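Just so it is clear, the values below take in all heavy atoms, side chains as well, and ignore hydrogens, waters and symmetry mates. Remember, it's a predicted structure, so these values are computed and weren't measured experimentally. Throughout, residue positions are numbered sequentially from 1 according to the sequence presented.
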Amino acid sequence: MADQFSSIPDEKIRYKQLLYMAAKNTPMDPSLQIQQNKVEGCLSVVHVHATYHPDTKTVFFVGDSDGQLTKGLVSLLVKGLSGSTVEEIVEVDPGFIMACGIGGSLTPSRNNGFLNMLSMMKLKARESFAAAAAAAAPAPAAAPAAGPMYNEMMSRLAMLQPTKLELVDNSDQHAGHSGARGFSGESHFALVVVADCFEGLRLLKRHQLIYTMLGDVMEKIHALEIKAKSPSEGL
């Protein structure tokens with residue numbers, strides 16, 4: 001997609017191509033145009049949705065906007081990212097917009113909006129994978145736990161479909177420390193998780209995926225020590 005745009009020599013023609021893509025963009029089902037799919041930080045209203053296909057291990061997107069140029073940018077991302085794996089999507093360099101030759105014709109606010117769209121689509125790709133994994137297999141049995149925060153964390157982490165999942169509550173070792181009260185006294189945890197979805201991901205991306213799964217839980221605890229590996233790496 002980037003090569004196709006960069007091969008167009010005239011900036012005005014590239015701009016018209018975006019408007020053409022906007023006109024040809026498949027309308028998004030109104031049922032998907034909800035707050036959870038809304039891209040924040042855009043001048044226009046933008047929604048994106050991702051669906052993970054377990055048979056091909058790829059993600060497909062739909063998106064829409066009430067602004068024509070923005071809709072063209074959404075269509076560009078939808079066409080460029082659909083059919084890719086979660087790992088490929090997460091690794092996309094935002095700088096490819098310059099390679100397309102359209103970055104220079106965007107205002108700073110629209111450029112930021114484009115980056116927000118890409119970030120949202122990366123998040124949606126991870127979430128769609130987790131949802132598909134959770135639906136495909138029963139969650140591993142959680143170890144007995146003393147507190148509700150532990151159980152909530154185990155439930156959410158099970159969506160990664162791990163081959164190994166160990167969560168230890170170390171809160172008693174930090175009694176009296178700042179932030180140690182946490183939620184019902186649960187504040188410090190140590191996590192060991194092995195899952196196929198970590199294959200090919202760098203350490204930072206693995207941690208970001210775990211934080212995405214835990215969501216607002218991270219705001220209720222003080223510290224989480226993480227060891228995240230793929231099955232091929234072991235521990």
Side-chain angles (χ1 to χ4, degrees), residues 32 34-40 47-54 57-61 85-87 89-91 119-174 179-235:
L32 298 177
I34 55 178
Q35 185 62 36
Q36 294 93 315
N37 292 333
K38 185 178 179 181
V39 180
E40 301 295 340
H47 293 89
V48 293
H49 177 75
T51 302
Y52 181 77
H53 292 238
K57 298 182 179 181
T58 53
V59 180
F60 287 83
F61 293 94
T85 66
V86 175
E87 293 79 7
I89 294 168
V90 169
E91 291 296 324
S119 295
M120 183 67 161
M121 293 174 80
K122 290 183 178 184
L123 174 61
K124 287 296 176 181
R126 293 193 292 263
E127 289 180 346
S128 67
F129 166 78
M149 187 58 62
Y150 176 98
N151 289 327
E152 179 65 21
M153 293 174 71
M154 288 293 285
S155 176
R156 297 191 186 192
L157 291 169
M159 292 192 297
L160 296 172
Q161 206 173 351
T163 56
K164 181 177 182 179
L165 178 59
E166 295 179 357
L167 184 65
V168 178
D169 184 351
N170 293 324
S171 302
D172 59 335
Q173 300 176 19
H174 300 272
R181 294 181 62 184
F183 181 87
S184 298
E186 299 173 84
S187 60
H188 292 71
F189 293 88
L191 170 66
V192 176
V193 56
V194 180
D196 289 329
C197 61
F198 295 139
E199 193 70 52
L201 294 185
R202 292 177 295 182
L203 181 62
L204 177 60
K205 297 298 183 182
R206 296 179 185 188
H207 285 202
Q208 289 176 338
L209 181 54
I210 290 170
Y211 297 149
T212 297
M213 294 298 100
L214 292 177
D216 59 354
V217 168
M218 292 302 302
E219 301 174 3
K220 301 175 183 178
I221 64 175
H222 185 67
L224 176 63
E225 177 186 345
I226 300 174
K227 291 183 179 179
K229 302 284 186 180
S230 66
S232 63
E233 294 172 319
L235 286 172

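A pairwise comparison of heavy atoms in Cys197 and Leu209 identifies SG-CD2, 3.9 Å as the closest pair. Contact between His47 and Ile34 at its shortest, heavy atoms only, is CD2-O, 3.2 Å. In terms of heavy-atom proximity, Thr163 sits nearest to Pro231 at OG1-CG, 4.3 Å.
One distance of note links OG of Ser155 with CG of Leu214; it measures 10.5 Å at 0.5 Å rounding. For the atom pair Phe61 CZ and Met121 CE, the distance stands at 4.5 Å (nearest 0.5 Å). Here Lys229 contributes atom NZ and Leu203 contributes atom CG; the two are 8.0 Å apart, rounded to the nearest 0.5 Å. To the nearest 0.5 Å, atom CG of residue Leu191 and atom CE of residue Met153 are 7.0 Å apart.
Crowding of Lys205 atom NZ: a count of heavy atoms from other residues, nucleotides or ligands under 6.0 Å exceeding 12.
No side-chain donor-acceptor contact under 3.5 Å links Asn37 to the backbone of His49. Between the side chain of Glu186 and the backbone N or O of Tyr150 there is at least one donor-acceptor pair closer than 3.5 Å. Put simply, the side chain of Arg206 gets close to the backbone of Phe198: a donor and an acceptor are under 3.5 Å apart. Side-chain atoms of Ser171 come within 3.5 Å of backbone atoms of His188 as a donor-acceptor pair (strictly under, hydrogens ignored). Tyr52 places no side-chain N or O within donor-acceptor distance of the main-chain N or O of Ala131, the cut-off being under 3.5 Å.
A salt bridge links Glu91 with Arg202; the closest basic N to acidic carboxylate O contact falls under 4.0 Å.
Annotation: side chain of Val194 is not in contact with side chain of Pro162 (no heavy-atom distance under 4.5 Å).
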